[in-house]
Each structure stands twice: as structure tokens, then as C-alpha cells.
Amino acid sequence: MKLGSAFYRRDDVVLISRELLGKVLCTDIDGVVTRAVITETEAYAGHIDRASHAYGGRRTKRTEPMYAEGGIAYVYLCYGIHHLFNVVTSCSDTPHAVLIRAGQPLAGEEIMLQRRKKKAIDKTLLAGPGSLAQAMGITTALTGTSLQDGPIWIEDHGTRVHDEEFSTGPRVGVDYAGEDAALPYRFILAPR
DNA sequence: CGAATGATATACT
DNA sequence: GTATATCATTCGA
């Protein structure tokens with residue numbers, strides 16, 4: 001079933017990141033549906049997190065979607081090439097978000113291969129936030145769209161993720177964030 | 001290991 | 001309004 005607004009509007013972004021593991025990210029772009037199991041997430045704790053765009057209450061046109069009510073998408077173009085997909089959580093004026101870093105193909109593999117210009121499915125298809133977004137057809141045009149009735153949504157397929165099935169660790173690529181870079185805000189689903 | 005790549009933020013004129 | 005520094009990364013040597 002599709003996750004409702006109650007899931008996203010909770011205040012604990014770290015808890016939501018952990019619970020998103022094993023959930024299914026779906027997109028419907030130009031009438032083409034793709035699905036992928038989420039295997040890696042990172043929490044961005046809004047204004048108290050140096051790694052977040054909204055650190056210290058920074059509020060600009062770009063970060064505006066993060067300040068909205070939880071349950072929408074925040075897509076950002078990074079390094080001029082890569083689209084990064086985030087899920088906005090919590091309430092208005094609390095810019096918490098969860099970055100989806102990696103997944104496992106579930107449906108629409110052909111389309112993902114085509115978008116990534118690859119011939120065969122391998123571990124690199126959905127490895128890394130930029131590749132994942134590209135394979136799912138997510139672009140910055142989709143920032144601010146609803147996860148309830150938009151072209152992107154997340155489903156709960158009843159997968160239970162136990163404590164011993166995932167690991168935590170420091171986030172990737174955020175060295176500039178000082179002490180906050182060491183926080184264990186990264187969640188990795190480890191198959192067992 | 002290092003270059004590519006462009007929107008955005010911030011600091012200027 | 002215009003300029004330049006920066007970046008939640010990836011891919012190819």
C-alpha cells in the first residue's frame with residue numbers, strides 16, 4: 001500500500017530514514033512505471049545539520065520545498081550533472097529530509113537500463129543517488145510534487161526490516177559539514 | 001586519481 | 001544586474 005501523510009509528518013527524521021529501508025519507491029513518468037526497493041538512505045536534520053541545505057534556517061527559493069509539510073519530493077541538481085532525490089518529512093517550517101541513495105530494481109528494469117544506457121542489470125544500476133534518480137526518471141522538474149497523488153510515491157510491501165538486517169554509518173560526501181559529517185545518519189540495508 | 005558540468009548562492013558593481 | 005565560488009557525484013584513466 002502507498003504510504004500516507006501520517007508517515008511523513010512525524011518529527012523524527014532519523015526514525016523515518018530507518019523505516020524507509022525495504023519500502024518501495026515508485027515513479028510514473030510519461031506513463032511509464034518503475035519500482036525499486038530502497039536499500040540506502042540518509043537523514044538530513046534541517047536547520048541543526050551542517051550538511052543540509054537548510055542549515056541554520058537558510059531559506060531560499062531552492063530549499064523552499066523542504067520547509068513545506070512532509071510528504072513531498074525535493075529534487076536537487078548537484079555538480080551540474082546529477083539529480084538527487086529526497087523525501088521531505090516533518091511539519092511546515094521544519095526542513096527535515098531523507099536522501100534516497102540506492103535501491104534494488106523491482107519493476108520497469110528495461111526502462112531503467114534504457115535511461116542509464118546500459119545493457120544488463122548489475123549492481124551499478126541503482127547504486128548512488130545520482131544514478132538512482134536517473135534510472136527512475138526523476139529530474140528537478142519534479143521537486144515539490146506530492147508523494148500522495150503525484151508521479152512519485154512510496155509503497156509499503158510489508159517487508160519487515162529487523163535491527164540486525166541493516167547497518168548505520170557516517171554520511172557520504174559531506175566532509176565539508178564539520179562535526180556533523182560524523183553523525184550516524186546513514187542507513188544501509190544489508191541482505192542476510 | 002582527477003576532470004566534467006551547470007544551477008544556485010553570495011558578493012560584488 | 002553581473003560575476004565567481006561552491007557542490008548531498010559519477011565516470012573514465
Side-chain angles (χ1 to χ4, degrees), chain A residues 8 12-21 23 25 27 34 36 38-68 70 72-90 94-105 112-145 147 152 154 166-189:
Chain A
Y8 303 108
D12 192 340
V13 65
V14 177
L15 177 69
I16 293 174
S17 303
R18 178 215 179 286
E19 291 188 355
L20 279 176
L21 289 178
K23 295 282 186 292
L25 174 65
T27 63
T34 55
I38 298 170
T39 57
E40 192 172 334
T41 64
E42 281 182 11
Y44 283 84
H47 60 278
I48 59 163
D49 186 354
R50 274 194 68 184
S52 169
H53 292 150
Y55 173 67
R58 274 184 24 207
R59 184 167 186 157
T60 66
K61 195 171 183 183
R62 182 185 60 165
T63 61
E64 196 62 31
M66 284 207 285
Y67 286 87
I72 64 168
Y74 172 51
V75 184
Y76 162 59
L77 183 66
C78 183
Y79 294 96
I81 305 174
H82 307 286
H83 298 276
L84 271 57
F85 171 65
N86 303 253
V87 174
V88 177
T89 70
S90 197
T94 309
H96 288 179
V98 179
L99 169 67
I100 309 299
R101 286 195 66 85
Q104 200 175 295
M112 294 189 206
L113 289 174
Q114 208 175 308
R115 287 188 181 130
R116 296 269 292 123
K117 301 195 160 91
K118 291 172 68 78
K119 298 239 160 141
I121 294 175
D122 60 20
K123 300 227 162 188
T124 68
L125 183 63
L126 296 178
S131 304
L132 176 112
Q134 188 185 359
M136 307 281 304
I138 296 170
T139 69
T140 53
L142 297 172
T143 198
T145 57
L147 297 178
I152 310 172
I154 297 174
F166 70 92
S167 347
T168 60
R171 289 170 296 182
V172 176
V174 291
D175 296 343
Y176 68 90
E179 294 185 357
D180 290 334
L183 294 170
Y185 278 3
R186 182 182 182 206
F187 298 85
I188 308 143
L189 188 64

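Per chain, numbering begins at 1; letters A, B, ... match sequence-line order.
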Charged tip of A:R101 within 45° of A:F85 ring normal and under 6.0 Å: no

A:Y76-A:H53 aromatic ring centre distance below 6.0 Å: yes

Euclidean distance, atom [atom1] of residue [X] to atom [atom2] of [N] [Å, nearest integer]:
X	N	atom1	atom2	answer
A:N86	C:dT9	CG	P	11 Å
A:R171	C:dT9	CZ	C1'	16 Å
A:R50	C:dT6	CZ	P	14 Å
A:L84	C:dC7	CG	C1'	10 Å
A:R62	B:dT10	CZ	C1'	12 Å
A:Y79	B:dA9	OH	P	16 Å
A:H53	B:dA7	NE2	P	15 Å
A:R58	C:dT6	CZ	P	14 Å

Under 3.5 Å, N/O pairs linking protein and nucleotides 10-13 of chain C:
residue, atom, partner, partner atom, Å
C:dT10, OP1, A:P129, N, 3.1
C:dT10, OP1, A:G130, N, 3.1
C:dT10, O4', A:H82, NE2, 2.8
C:dC11, OP1, A:R116, NH1, 3.0

Short question: side chain of [X], backbone of [Y] - any donor-acceptor pair under 3.5 Å?
X	Y	result
A:T94	A:H96	no
A:T89	A:G70	no
A:T145	A:L142	yes
A:D180	A:D49	no

Runs of at least three Watson-Crick or G-U pairs with DNA chain C, cut-off 3.5 Å: B:1-4 with C:9-12, B:6-12 with C:1-7

Heavy-atom pair with the smallest gap, counting every atom of A:V98 and A:T41: CG1-CB, 3.9 Å

Residue pair A:E40 / A:L21: nearest heavy atoms and the distance that separates them: N-CD2, 3.9 Å

Out of B:dA9, B:dA7, C:dC7, whichever nucleotide has its closest atom nearest the side chain of A:T60: B:dA9

Sugar-phosphate only, base, or nothing, as touched by A:Y185 at under 4.0 Å among non-hydrogen atoms: nothing

Please tabulate, for side-chain N and O atoms in residues 123-135 of chain A, each donor-acceptor pair with protein atoms closer than 3.5 Å (sequence neighbours left out).
residue, atom, partner, partner atom, Å
A:T124, OG1, A:K118, NZ, 2.9
A:T124, OG1, A:D122, OD1, 2.7
A:S131, OG, A:A127, O, 3.4
A:Q134, NE2, A:R115, O, 3.2

